[in-house]
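Down below is the structure, laid out as C-alpha coordinates.
Computed from a predicted model, the values in this text were never measured in an experiment. Side-chain atoms are counted along with the backbone in the values below, which use heavy atoms only and exclude waters and symmetry mates.
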Amino acid sequence: MSATSEEVDGVTPAGGEPELKRVLGPKLLLLFIVGDILGAGVYAVTGTMAGTVGGIVWLPFLLAFVVATLTAFSYLELVTQYPQAAGAALYTHKAFGIHFVTFLVAFAVVCSGITSASTSANVLAQNFFGGLEINGVMGDPGQGVITAVALAFMLLLAAINLRGVGESVKFNVVLTLVEMVALSIVIGVGFFVMAQGTGNPGGIFVFNDYQDKGLFLAVTAATSIAFFAMVGFEDSVNMVEETRQPEKIFPRTMLTGLGIAVLLYMLVAVSVVSVLSPTELEGIREAEGAALLEVVHKGSPDFPIDRIFPFLAVFAVANTALINMLMASRLIYGLARQQVLPHPLGKVLPVRRTPWAGIAFSTVLALGLILYVTSDPESNIVANLSGTTAFLLLCVFTVVNVACLVLRRKRDPNRKVFFTSPGPLPLVAAILCAFLAGPWVGRNVIQYQIAGGLMAIGVVLWLATWLINRRTNRGDRVNP
(Lines give C-alpha, C1' and ligand atoms only; values in the text may rest on other atoms or scores of the structure.)
Protein backbone atom coordinates (compact mmCIF):
# COMPACT_ATOMS: atom_id res chain seq x y z
CA MET A 1 0.00 0.00 0.00
CA SER A 2 2.82 2.46 -0.41
CA ALA A 3 0.90 5.02 -2.43
CA THR A 4 2.83 8.06 -3.65
CA SER A 5 1.64 11.50 -4.62
CA GLU A 6 2.77 10.92 -8.21
CA GLU A 7 0.31 8.07 -8.80
CA VAL A 8 -2.55 8.80 -11.16
CA ASP A 9 -5.94 9.14 -9.48
CA GLY A 10 -8.19 6.19 -10.09
CA VAL A 11 -5.48 3.58 -10.65
CA THR A 12 -6.33 0.30 -8.97
CA PRO A 13 -3.39 -1.91 -8.02
CA ALA A 14 -3.52 -5.34 -9.59
CA GLY A 15 -5.45 -7.72 -7.35
CA GLY A 16 -6.04 -5.06 -4.70
CA GLU A 17 -8.55 -2.46 -3.53
CA PRO A 18 -8.75 0.88 -5.38
CA GLU A 19 -6.61 3.66 -3.95
CA LEU A 20 -8.24 6.64 -2.24
CA LYS A 21 -8.99 9.67 -4.40
CA ARG A 22 -6.56 12.61 -4.09
CA VAL A 23 -8.82 15.66 -3.85
CA LEU A 24 -7.14 17.83 -1.18
CA GLY A 25 -5.07 20.78 -2.28
CA PRO A 26 -3.43 23.43 -0.02
CA LYS A 27 -6.62 25.45 0.57
CA LEU A 28 -8.88 22.53 1.46
CA LEU A 29 -6.15 20.99 3.62
CA LEU A 30 -5.64 24.30 5.46
CA LEU A 31 -9.36 24.64 6.16
CA PHE A 32 -9.45 21.00 7.27
CA ILE A 33 -6.62 21.59 9.78
CA VAL A 34 -7.97 24.93 11.05
CA GLY A 35 -11.49 23.54 11.37
CA ASP A 36 -10.26 20.48 13.25
CA ILE A 37 -8.16 22.50 15.72
CA LEU A 38 -10.81 25.14 16.40
CA GLY A 39 -13.72 22.77 16.82
CA ALA A 40 -15.50 22.50 20.14
CA GLY A 41 -12.38 22.78 22.28
CA VAL A 42 -12.26 26.54 22.72
CA TYR A 43 -15.92 26.60 23.77
CA ALA A 44 -15.37 23.89 26.38
CA VAL A 45 -12.08 24.85 28.02
CA THR A 46 -11.87 28.66 28.04
CA GLY A 47 -14.02 29.04 31.14
CA THR A 48 -12.14 26.35 33.06
CA MET A 49 -8.80 27.92 32.16
CA ALA A 50 -9.96 31.41 33.16
CA GLY A 51 -11.07 30.02 36.50
CA THR A 52 -7.58 28.58 37.01
CA VAL A 53 -5.22 31.42 36.05
CA GLY A 54 -7.47 34.46 35.71
CA GLY A 55 -6.26 37.28 33.47
CA ILE A 56 -3.30 35.46 31.92
CA VAL A 57 -5.60 32.87 30.32
CA TRP A 58 -3.92 33.63 26.99
CA LEU A 59 -0.60 32.26 28.28
CA PRO A 60 -1.65 28.59 28.55
CA PHE A 61 -2.99 28.80 24.99
CA LEU A 62 0.41 30.07 23.87
CA LEU A 63 2.31 27.37 25.78
CA ALA A 64 0.00 24.64 24.46
CA PHE A 65 0.66 26.00 20.96
CA VAL A 66 4.43 25.70 21.52
CA VAL A 67 4.13 22.05 22.61
CA ALA A 68 1.76 21.27 19.73
CA THR A 69 4.06 22.94 17.20
CA LEU A 70 7.12 21.03 18.41
CA THR A 71 5.16 17.82 18.02
CA ALA A 72 3.87 18.96 14.62
CA PHE A 73 7.49 19.23 13.47
CA SER A 74 7.94 15.54 14.25
CA TYR A 75 4.72 14.66 12.44
CA LEU A 76 5.84 16.65 9.39
CA GLU A 77 9.20 14.90 9.29
CA LEU A 78 7.46 11.53 9.43
CA VAL A 79 4.51 12.16 7.11
CA THR A 80 6.77 13.45 4.33
CA GLN A 81 8.92 10.32 4.68
CA TYR A 82 5.98 7.91 4.99
CA PRO A 83 2.96 9.39 3.15
CA GLN A 84 0.50 6.71 4.23
CA ALA A 85 -2.81 6.95 6.08
CA ALA A 86 -1.94 4.96 9.23
CA GLY A 87 -0.25 7.96 10.89
CA ALA A 88 1.10 7.51 14.42
CA ALA A 89 0.67 3.73 14.37
CA LEU A 90 2.74 3.41 11.19
CA TYR A 91 5.52 5.59 12.60
CA THR A 92 5.52 3.60 15.83
CA HIS A 93 5.82 0.29 14.00
CA LYS A 94 8.56 1.45 11.67
CA ALA A 95 10.53 2.79 14.64
CA PHE A 96 10.10 -0.09 17.12
CA GLY A 97 8.64 -3.00 15.18
CA ILE A 98 6.58 -4.19 18.16
CA HIS A 99 3.09 -5.18 17.01
CA PHE A 100 1.54 -4.85 20.45
CA VAL A 101 2.79 -1.28 20.90
CA THR A 102 1.70 -0.42 17.37
CA PHE A 103 -1.83 -1.60 18.04
CA LEU A 104 -2.11 0.25 21.37
CA VAL A 105 -1.03 3.51 19.74
CA ALA A 106 -3.49 2.99 16.90
CA PHE A 107 -6.28 2.10 19.29
CA ALA A 108 -5.59 5.17 21.44
CA VAL A 109 -5.81 7.47 18.42
CA VAL A 110 -8.98 5.86 17.08
CA CYS A 111 -10.65 5.98 20.49
CA SER A 112 -9.70 9.61 21.02
CA GLY A 113 -11.33 10.56 17.73
CA ILE A 114 -14.46 8.49 18.16
CA THR A 115 -14.94 9.51 21.79
CA SER A 116 -14.55 13.16 20.89
CA ALA A 117 -16.99 12.84 18.00
CA SER A 118 -19.54 11.00 20.12
CA THR A 119 -19.38 13.66 22.83
CA SER A 120 -19.58 16.43 20.24
CA ALA A 121 -22.73 14.86 18.80
CA ASN A 122 -24.38 14.89 22.21
CA VAL A 123 -23.30 18.49 22.86
CA LEU A 124 -24.61 19.43 19.40
CA ALA A 125 -28.04 18.02 20.23
CA GLN A 126 -28.09 19.79 23.60
CA ASN A 127 -27.16 23.13 22.03
CA PHE A 128 -29.69 22.70 19.25
CA PHE A 129 -32.57 22.09 21.63
CA GLY A 130 -31.19 24.73 24.00
CA GLY A 131 -31.40 27.28 21.18
CA LEU A 132 -34.96 26.24 20.41
CA GLU A 133 -35.88 26.58 24.07
CA ILE A 134 -34.28 30.04 24.44
CA ASN A 135 -36.17 31.23 21.37
CA GLY A 136 -39.45 29.88 22.74
CA VAL A 137 -39.94 27.31 19.98
CA MET A 138 -40.23 24.35 22.35
CA GLY A 139 -39.59 23.32 25.93
CA ASP A 140 -37.21 20.78 27.41
CA PRO A 141 -37.31 17.75 25.06
CA GLY A 142 -35.86 15.28 27.57
CA GLN A 143 -32.65 13.27 27.44
CA GLY A 144 -34.16 10.55 25.24
CA VAL A 145 -34.93 12.96 22.41
CA ILE A 146 -31.51 14.60 22.73
CA THR A 147 -29.80 11.21 22.52
CA ALA A 148 -31.90 10.25 19.49
CA VAL A 149 -30.82 13.42 17.66
CA ALA A 150 -27.18 12.75 18.57
CA LEU A 151 -27.45 9.23 17.14
CA ALA A 152 -29.14 10.53 13.99
CA PHE A 153 -26.39 13.11 13.58
CA MET A 154 -23.72 10.41 13.66
CA LEU A 155 -25.58 8.51 10.94
CA LEU A 156 -25.71 11.71 8.89
CA LEU A 157 -21.95 12.10 9.26
CA ALA A 158 -21.50 8.52 8.07
CA ALA A 159 -23.58 9.28 4.98
CA ILE A 160 -21.52 12.40 4.22
CA ASN A 161 -18.33 10.43 4.78
CA LEU A 162 -19.49 7.67 2.42
CA ARG A 163 -20.17 10.19 -0.32
CA GLY A 164 -16.49 10.98 -0.45
CA VAL A 165 -13.78 13.06 1.16
CA GLY A 166 -14.35 15.80 -1.41
CA GLU A 167 -17.94 16.25 -0.22
CA SER A 168 -16.90 15.83 3.41
CA VAL A 169 -14.16 18.45 3.22
CA LYS A 170 -16.42 20.87 1.33
CA PHE A 171 -18.94 20.52 4.16
CA ASN A 172 -16.02 21.13 6.53
CA VAL A 173 -15.23 24.39 4.68
CA VAL A 174 -18.71 25.73 5.43
CA LEU A 175 -18.55 24.69 9.09
CA THR A 176 -15.05 26.10 9.52
CA LEU A 177 -16.12 29.48 8.18
CA VAL A 178 -19.07 29.52 10.60
CA GLU A 179 -16.71 28.65 13.46
CA MET A 180 -14.43 31.52 12.56
CA VAL A 181 -17.39 33.92 12.35
CA ALA A 182 -18.53 32.86 15.84
CA LEU A 183 -15.09 33.41 17.34
CA SER A 184 -14.77 36.69 15.45
CA ILE A 185 -17.97 37.88 17.15
CA VAL A 186 -16.43 37.16 20.55
CA ILE A 187 -13.20 38.95 19.57
CA GLY A 188 -15.08 41.88 18.07
CA VAL A 189 -17.18 42.35 21.20
CA GLY A 190 -14.08 42.32 23.39
CA PHE A 191 -12.28 44.94 21.36
CA PHE A 192 -15.47 47.02 21.09
CA VAL A 193 -15.68 47.09 24.89
CA MET A 194 -12.04 48.14 25.14
CA ALA A 195 -12.57 50.86 22.54
CA GLN A 196 -15.48 52.21 24.59
CA GLY A 197 -13.21 52.47 27.62
CA THR A 198 -15.43 50.20 29.74
CA GLY A 199 -13.29 47.08 29.56
CA ASN A 200 -10.37 45.86 31.63
CA PRO A 201 -7.48 45.42 29.15
CA GLY A 202 -4.91 45.71 31.93
CA GLY A 203 -6.27 42.51 33.43
CA ILE A 204 -4.65 40.37 30.73
CA PHE A 205 -1.33 40.59 32.61
CA VAL A 206 -2.79 39.74 36.03
CA PHE A 207 -2.47 36.23 37.48
CA ASN A 208 -5.38 35.30 39.73
CA ASP A 209 -4.59 32.27 41.87
CA TYR A 210 -8.19 31.19 42.40
CA GLN A 211 -7.23 27.65 43.49
CA ASP A 212 -4.12 28.48 45.54
CA LYS A 213 -1.84 26.46 43.26
CA GLY A 214 0.89 29.02 42.76
CA LEU A 215 1.90 30.46 39.39
CA PHE A 216 3.82 27.44 38.03
CA LEU A 217 1.29 24.74 38.93
CA ALA A 218 -1.71 26.87 37.91
CA VAL A 219 -0.22 27.69 34.50
CA THR A 220 0.85 24.07 34.03
CA ALA A 221 -2.67 22.82 34.85
CA ALA A 222 -4.24 25.38 32.52
CA THR A 223 -1.79 24.45 29.74
CA SER A 224 -2.80 20.82 30.09
CA ILE A 225 -6.44 21.88 29.74
CA ALA A 226 -5.64 24.17 26.81
CA PHE A 227 -3.92 21.34 24.96
CA PHE A 228 -7.33 19.83 24.25
CA ALA A 229 -8.14 22.94 22.22
CA MET A 230 -4.89 22.61 20.21
CA VAL A 231 -5.20 18.97 19.15
CA GLY A 232 -6.51 18.20 15.70
CA PHE A 233 -3.49 18.96 13.54
CA GLU A 234 -2.46 15.29 13.84
CA ASP A 235 -5.71 14.17 12.18
CA SER A 236 -4.55 15.59 8.87
CA VAL A 237 -1.76 13.01 8.47
CA ASN A 238 -4.46 10.36 8.12
CA MET A 239 -5.71 12.23 5.04
CA VAL A 240 -2.30 12.09 3.35
CA GLU A 241 -3.37 9.52 0.74
CA GLU A 242 -6.13 11.89 -0.35
CA THR A 243 -3.81 14.93 -0.59
CA ARG A 244 -2.10 16.07 -3.77
CA GLN A 245 1.70 16.26 -3.48
CA PRO A 246 1.67 15.88 0.35
CA GLU A 247 5.45 16.05 0.63
CA LYS A 248 5.38 19.62 -0.67
CA ILE A 249 2.25 21.15 0.84
CA PHE A 250 1.98 19.52 4.28
CA PRO A 251 4.73 21.42 6.18
CA ARG A 252 3.63 24.95 5.28
CA THR A 253 -0.09 24.14 5.53
CA MET A 254 0.04 22.44 8.93
CA LEU A 255 2.16 25.17 10.53
CA THR A 256 -0.04 27.89 9.02
CA GLY A 257 -3.12 26.18 10.44
CA LEU A 258 -1.60 26.01 13.92
CA GLY A 259 -0.65 29.68 13.73
CA ILE A 260 -4.15 30.77 12.72
CA ALA A 261 -5.71 28.74 15.53
CA VAL A 262 -3.50 30.08 18.31
CA LEU A 263 -3.94 33.67 17.09
CA LEU A 264 -7.73 33.30 17.31
CA TYR A 265 -7.47 31.62 20.72
CA MET A 266 -5.30 34.35 22.20
CA LEU A 267 -7.58 37.08 20.85
CA VAL A 268 -10.57 35.27 22.35
CA ALA A 269 -8.71 35.03 25.68
CA VAL A 270 -7.96 38.76 25.62
CA SER A 271 -11.63 39.49 24.92
CA VAL A 272 -12.76 37.28 27.81
CA VAL A 273 -10.47 39.01 30.29
CA SER A 274 -11.28 42.48 28.98
CA VAL A 275 -15.04 42.04 29.32
CA LEU A 276 -15.37 40.02 32.53
CA SER A 277 -14.30 41.11 36.01
CA PRO A 278 -11.94 38.96 38.12
CA THR A 279 -14.92 37.73 40.13
CA GLU A 280 -16.78 36.77 36.96
CA LEU A 281 -13.68 35.00 35.64
CA GLU A 282 -13.62 32.82 38.73
CA GLY A 283 -17.34 32.11 38.39
CA ILE A 284 -17.20 30.82 34.81
CA ARG A 285 -14.84 27.94 35.69
CA GLU A 286 -17.67 25.42 35.58
CA ALA A 287 -19.59 27.16 32.80
CA GLU A 288 -17.73 25.31 30.00
CA GLY A 289 -19.36 26.44 26.71
CA ALA A 290 -21.27 29.26 28.37
CA ALA A 291 -18.11 31.28 28.97
CA LEU A 292 -17.98 32.81 25.49
CA LEU A 293 -21.73 33.39 25.53
CA GLU A 294 -21.35 35.33 28.79
CA VAL A 295 -18.65 37.51 27.24
CA VAL A 296 -20.82 38.51 24.28
CA HIS A 297 -23.94 38.88 26.42
CA LYS A 298 -22.24 41.29 28.84
CA GLY A 299 -20.16 43.11 26.23
CA SER A 300 -23.04 43.73 23.84
CA PRO A 301 -26.31 43.47 25.77
CA ASP A 302 -28.39 44.93 22.95
CA PHE A 303 -27.34 42.20 20.52
CA PRO A 304 -29.46 39.00 20.83
CA ILE A 305 -26.43 36.74 20.84
CA ASP A 306 -27.92 34.46 23.47
CA ARG A 307 -30.52 33.49 20.85
CA ILE A 308 -27.96 32.99 18.08
CA PHE A 309 -24.86 31.66 19.78
CA PRO A 310 -26.22 28.16 20.63
CA PHE A 311 -26.71 27.51 16.92
CA LEU A 312 -23.20 28.75 16.12
CA ALA A 313 -21.95 26.28 18.74
CA VAL A 314 -23.89 23.58 16.90
CA PHE A 315 -21.82 24.25 13.79
CA ALA A 316 -18.59 24.23 15.80
CA VAL A 317 -19.16 20.84 17.39
CA ALA A 318 -20.54 19.45 14.13
CA ASN A 319 -17.27 20.32 12.43
CA THR A 320 -15.29 18.62 15.18
CA ALA A 321 -17.37 15.46 14.92
CA LEU A 322 -17.11 15.35 11.12
CA ILE A 323 -13.34 15.64 11.07
CA ASN A 324 -12.88 13.18 13.93
CA MET A 325 -14.93 10.57 12.09
CA LEU A 326 -13.04 11.27 8.86
CA MET A 327 -9.80 10.67 10.75
CA ALA A 328 -10.99 7.52 12.52
CA SER A 329 -12.31 5.86 9.37
CA ARG A 330 -9.14 6.65 7.38
CA LEU A 331 -6.94 5.40 10.22
CA ILE A 332 -8.90 2.15 10.41
CA TYR A 333 -8.58 1.84 6.63
CA GLY A 334 -4.83 2.43 6.75
CA LEU A 335 -4.29 -0.03 9.60
CA ALA A 336 -6.33 -2.70 7.83
CA ARG A 337 -4.34 -2.23 4.61
CA GLN A 338 -1.15 -2.56 6.69
CA GLN A 339 -2.61 -5.75 8.27
CA VAL A 340 -2.63 -4.33 11.79
CA LEU A 341 -6.43 -4.68 11.83
CA PRO A 342 -8.40 -7.41 9.98
CA HIS A 343 -8.15 -7.00 6.22
CA PRO A 344 -11.94 -6.60 5.63
CA LEU A 345 -11.83 -3.24 7.46
CA GLY A 346 -9.80 -1.89 4.53
CA LYS A 347 -12.59 -2.36 1.99
CA VAL A 348 -13.24 0.60 -0.33
CA LEU A 349 -16.38 1.45 -2.32
CA PRO A 350 -15.51 0.79 -5.99
CA VAL A 351 -17.28 3.90 -7.37
CA ARG A 352 -17.01 6.46 -4.56
CA ARG A 353 -13.59 5.11 -3.48
CA THR A 354 -14.29 5.78 0.19
CA PRO A 355 -13.35 3.37 3.03
CA TRP A 356 -16.87 2.08 3.72
CA ALA A 357 -15.81 -0.65 6.16
CA GLY A 358 -13.80 1.80 8.28
CA ILE A 359 -16.70 4.27 8.24
CA ALA A 360 -19.18 1.59 9.33
CA PHE A 361 -16.90 0.31 12.09
CA SER A 362 -16.16 3.76 13.54
CA THR A 363 -19.84 4.77 13.34
CA VAL A 364 -20.99 1.69 15.24
CA LEU A 365 -18.43 2.43 17.97
CA ALA A 366 -19.58 6.06 18.11
CA LEU A 367 -23.22 5.09 18.45
CA GLY A 368 -22.34 2.77 21.32
CA LEU A 369 -20.32 5.49 23.04
CA ILE A 370 -23.16 7.99 22.79
CA LEU A 371 -25.53 5.54 24.46
CA TYR A 372 -22.95 4.88 27.17
CA VAL A 373 -21.99 8.47 28.01
CA THR A 374 -25.61 9.59 28.16
CA SER A 375 -26.62 6.78 30.52
CA ASP A 376 -25.38 8.79 33.53
CA PRO A 377 -26.82 12.32 33.29
CA GLU A 378 -25.05 13.37 36.51
CA SER A 379 -21.51 12.91 35.16
CA ASN A 380 -19.47 15.81 33.74
CA ILE A 381 -19.18 14.32 30.26
CA VAL A 382 -17.34 17.18 28.55
CA ALA A 383 -14.66 17.61 31.22
CA ASN A 384 -13.98 13.91 31.69
CA LEU A 385 -13.90 12.93 28.03
CA SER A 386 -12.01 16.01 26.84
CA GLY A 387 -9.41 15.39 29.53
CA THR A 388 -9.20 11.71 28.61
CA THR A 389 -8.82 12.61 24.94
CA ALA A 390 -6.00 15.04 25.71
CA PHE A 391 -4.29 12.47 27.96
CA LEU A 392 -4.44 9.72 25.31
CA LEU A 393 -3.10 12.03 22.61
CA LEU A 394 -0.32 13.36 24.84
CA CYS A 395 0.80 9.76 25.37
CA VAL A 396 0.62 9.12 21.62
CA PHE A 397 2.55 12.32 20.90
CA THR A 398 5.27 11.25 23.33
CA VAL A 399 5.69 7.98 21.40
CA VAL A 400 5.62 9.74 18.01
CA ASN A 401 8.32 12.20 19.05
CA VAL A 402 10.56 9.37 20.24
CA ALA A 403 9.80 7.45 17.03
CA CYS A 404 10.92 10.48 15.03
CA LEU A 405 14.36 10.33 16.67
CA VAL A 406 14.63 6.58 16.10
CA LEU A 407 13.60 6.76 12.45
CA ARG A 408 15.95 9.64 11.82
CA ARG A 409 18.82 7.28 12.61
CA LYS A 410 17.36 4.64 10.28
CA ARG A 411 16.81 7.04 7.38
CA ASP A 412 18.06 5.93 3.96
CA PRO A 413 20.82 8.42 3.03
CA ASN A 414 19.85 8.10 -0.65
CA ARG A 415 16.21 9.01 -0.05
CA LYS A 416 15.09 12.57 -0.63
CA VAL A 417 14.32 14.48 2.58
CA PHE A 418 11.43 16.97 2.38
CA PHE A 419 11.31 18.17 6.02
CA THR A 420 13.37 17.62 9.17
CA SER A 421 12.50 18.79 12.67
CA PRO A 422 15.33 21.04 13.86
CA GLY A 423 18.00 19.33 16.01
CA PRO A 424 16.81 17.83 19.30
CA LEU A 425 13.28 19.30 19.15
CA PRO A 426 11.61 15.86 18.99
CA LEU A 427 13.23 14.98 22.33
CA VAL A 428 12.11 18.29 23.87
CA ALA A 429 8.59 17.70 22.56
CA ALA A 430 8.53 14.15 23.97
CA ILE A 431 9.53 15.39 27.43
CA LEU A 432 6.94 18.18 27.40
CA CYS A 433 4.12 15.88 26.23
CA ALA A 434 4.98 13.29 28.88
CA PHE A 435 5.07 16.03 31.53
CA LEU A 436 1.62 17.35 30.58
CA ALA A 437 0.20 13.80 30.72
CA GLY A 438 1.28 13.32 34.35
CA PRO A 439 -0.87 13.58 37.49
CA TRP A 440 1.07 16.65 38.71
CA VAL A 441 -0.92 18.86 36.31
CA GLY A 442 -4.04 18.30 38.42
CA ARG A 443 -5.74 15.88 36.03
CA ASN A 444 -8.82 14.21 37.52
CA VAL A 445 -8.19 10.57 38.42
CA ILE A 446 -11.30 9.50 36.53
CA GLN A 447 -9.57 10.45 33.29
CA TYR A 448 -6.86 7.88 33.98
CA GLN A 449 -9.55 5.33 34.83
CA ILE A 450 -11.35 5.91 31.53
CA ALA A 451 -8.09 5.71 29.60
CA GLY A 452 -7.15 2.51 31.44
CA GLY A 453 -10.49 0.97 30.55
CA LEU A 454 -10.03 1.88 26.89
CA MET A 455 -6.58 0.35 26.85
CA ALA A 456 -7.95 -2.84 28.43
CA ILE A 457 -10.40 -3.05 25.52
CA GLY A 458 -7.45 -2.47 23.22
CA VAL A 459 -5.59 -5.47 24.63
CA VAL A 460 -8.60 -7.70 23.97
CA LEU A 461 -8.89 -6.44 20.38
CA TRP A 462 -5.17 -6.91 19.82
CA LEU A 463 -5.41 -10.55 20.87
CA ALA A 464 -8.34 -11.07 18.50
CA THR A 465 -6.40 -9.46 15.64
CA TRP A 466 -3.34 -11.58 16.41
CA LEU A 467 -5.40 -14.77 16.22
CA ILE A 468 -6.96 -13.73 12.90
CA ASN A 469 -3.56 -12.93 11.40
CA ARG A 470 -2.13 -16.18 12.68
CA ARG A 471 -4.92 -18.25 11.17
CA THR A 472 -4.62 -16.50 7.81
CA ASN A 473 -0.79 -16.61 7.79
CA ARG A 474 -0.43 -12.83 8.01
CA GLY A 475 2.32 -12.56 10.56
CA ASP A 476 4.02 -9.51 9.08
CA ARG A 477 1.21 -7.08 9.66
CA VAL A 478 2.89 -3.85 8.71
CA ASN A 479 4.69 -3.63 5.40
CA PRO A 480 8.18 -2.12 5.56
Side-chain angles (χ1 to χ4, degrees), residues 34 37-65 127 130-131 133-136 176-211 215 218-219 222 225-226 229-230 259-317:
V34 172
I37 297 174
L38 293 182
V42 67
Y43 296 92
V45 303
T46 303
T48 305
M49 292 166 56
T52 303
V53 298
I56 58 171
V57 65
W58 54 270
L59 180 59
F61 277 129
L62 180 60
L63 295 176
F65 164 75
N127 277 274
E133 185 175 0
I134 289 174
N135 285 278
T176 298
L177 293 175
V178 174
E179 283 179 355
M180 297 179 72
V181 168
L183 295 181
S184 296
I185 290 175
V186 178
I187 295 169
V189 168
F191 280 83
F192 172 77
V193 169
M194 286 189 284
Q196 296 298 310
T198 58
N200 181 34
I204 63 175
F205 301 107
V206 177
F207 166 59
N208 304 104
D209 194 6
Y210 296 122
Q211 298 179 304
L215 178 62
V219 172
I225 296 170
M230 290 304 307
I260 292 173
V262 74
L263 178 61
L264 288 173
Y265 285 169
M266 292 181 68
L267 290 175
V268 166
V270 170
S271 296
V272 170
V273 176
S274 299
V275 173
L276 301 182
S277 68
T279 302
E280 291 169 328
L281 287 176
E282 182 180 11
I284 65 169
R285 176 176 173 79
E286 302 299 329
E288 296 183 340
L292 301 187
L293 175 60
E294 178 64 22
V295 171
V296 181
H297 177 72
K298 180 182 178 182
S300 183
D302 297 328
F303 187 71
I305 192 62
D306 56 338
R307 296 177 179 270
I308 300 173
F309 212 80
F311 299 109
L312 296 178
V314 164
F315 283 102
V317 298

Minimum heavy-atom separation for V270 to M194, with atom names? CG1-CE, 4.2 Å
Between CE on residue M230 and CG on residue L38, distance to nearest 0.5 Å: 9.0 Å
Do S274 and F191 come close enough that some side-chain heavy atom pair is under 4.5 Å? no
Residue pair L264 / I260, side-chain heavy-atom distance below 4.5 Å: yes
Taking all non-hydrogen atoms of both residues into account, name the closest pair between V206 and G202 and its distance. CG2-O, 3.8 Å
Steps toward side-chain contact (heavy atoms from CB on, under 4.5 Å) verdict (V53, F207): CA-CA 6 Å; V53 298; F207 166 59; 4.3 Å; yes
Could you check I56 against L215 for side-chain contact (heavy atoms from CB on, under 4.5 Å), going step by step and ending with a plain yes or no? CA-CA 10 Å; I56 58 171; L215 178 62; 4.0 Å; yes
Nearest heavy-atom pair of I225 and M49: which atoms, and what distance? CG2-CG, 3.8 Å
Looking at L276, is its backbone amide N or carbonyl O close enough to the side chain of K298 to form a donor-acceptor pair, meaning the two atoms are under 3.5 Å apart? no
Shortest non-hydrogen pair, I204 vs W58, comes out as O-NE1, 2.5 Å
For residues L312 and I185, determine if any side-chain heavy atom of one lies less than 4.5 Å from a side-chain heavy atom of the other. yes
Considering only heavy atoms from C-beta outward, does the side chain of Y210 approach that of T52 to under 4.5 Å? no
Answer yes or no: are there more than 12 heavy-atom neighbours, outside F192 itself, under 6.0 Å from its atom CZ? no
Under a plain distance cut-off of 3.5 Å, with no hydrogens placed, do T279 and E282 share a side-chain donor-acceptor pair? no
Kindly give the heavy-atom pair with the smallest separation between G55 and N208, and that separation in Å. N-OD1, 3.1 Å
Minimum-distance pair of heavy atoms, taken over all atoms of P60 and A222: CG-CB, 3.4 Å
Do F65 and M266 have side chains that approach each other closer than 4.5 Å (heavy atoms only, starting at C-beta)? no
In the structure I gave you, are the side-chain heavy atoms of T46 and Y265 within less than 4.5 Å of one another anywhere? no
